[in-house]
Amino acid sequence: MDIKLIRNATLVIEYANKKFLVDPMLAERGTYPALPETIRQDTFNPLVSLPTTLDTILNGVDAVIVTHLHRDHFDDIAKNVLPKDIKMFVQNEADAKEVENIGFRNVEVLQQNTVFEGIQLVKTKGEHGRSEELLKLMGEVSGVVFKHPSEKTLYVAGDTVWYDGVQEEVDTHKPDIIVVNGGDNLWSLGPLIMGKEDIYEVYKAAPNAKIISVHMEAVNHWILSREELKSFSKEKGISANIFVPDDGESYTF
Ligand SMILES: [Zn+2]
């Protein structure tokens with residue numbers, strides 16, 4: 001497999017010879033206002049440009065996976081530029097309806113046993129924050145596990161903090177590669193995704209896995225920088241397991 005970070009949570013994953021585009025936020029730098037109730041209110045999202053052209057990102061995509069519909073995972077540009085007949089996977093019926101209302105015609109809700117072109121896709125759970133109030137505000141989120149006889153198992157956790165649900169997914173699927181959203185992005189009511197201590201918990205749950213941290217330094221409310229995560233990993237002696245890609249960087253496993 002080949003996993004390329006485009007920017008934020010947007011990934012291009014080549015897996016068993018199929019190309020998946022995950023959580024496409026494709027706008028130019030500075031298109032959207034900062035999220036309310038967060039820091040850096042004087043900035044505009046995305047904070048950084050795409051590392052490559054839209055054509056390169058979209059070329060040959062077999063399926064799109066949208067873990068949830070927040071703008072930093074599925075934005076207006078993605079809605080406009082993706083072909084309306086492209087295969088779309090979403091987390092639930094409500095998201096399917098919304099995506100169909102935009103005009104997409106080939107939308108499927110991810111299940112525990114979804115199979116696409118011989119690749120097993122398993123929807124996983126997540127919690128987009130820690131308090132009940134915050135979870136209600138943020139809504140449902142998901143992740144996805146990829147399995148195929150010729151590939152290692154990949155778990156893309158999505159917008160979730162560390163909690164026992166992530167532990168369960170790791171125990172169930174024993175992933176070799178785990179992608180976490182690790183910018184520690186902060187709302188007034190608390191963190192929305194993983195920070196360095198959460199990532200350390202993921203490491204302890206899966207000490208042999210390669211953990212790739214994305215969703216960093218790309219939207220206004222990030223707290224954990226790439227440099228800080230790298231030095232934390234060094235301090236803990238786990239830097240061989242924690243990958244912190246730049247935008248546009250890719251890994252082959
Ligand atoms: Zn997000």
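Computed over heavy atoms, backbone and side chain alike; hydrogens, waters and symmetry mates excluded. When a ligand or atom number is given, it counts from 1 through the structure's own listing order. On a predicted model such as this, the values are computed, not experimentally measured, just so you know.
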Looking from the Zn ion (ligand 1), what is the angle between NE2 on H215 and NE2 on H73, to the nearest 10°?
110°
Of all N, O or S atoms in D159, the one closest to the Zn ion (ligand 1) is OD2
Which atom pair, heavy atoms only, marks the closest approach of P191 to D184?
CB-OD1, 3.7 Å
salt_bridge(K97, E100) N-O dist < 4.0 Å:
no
Which of these passes ring-ring contact (aromatic ring centres under 6.0 Å, His included) with F20: F116, F89, Y15?
F116
Take atom CZ in R40; do more than 12 heavy atoms of anything else shown fall under 6.0 Å from it?
yes
Check all N, O or S atoms of D72 and name the one closest to the Zn ion (ligand 1).
OD2
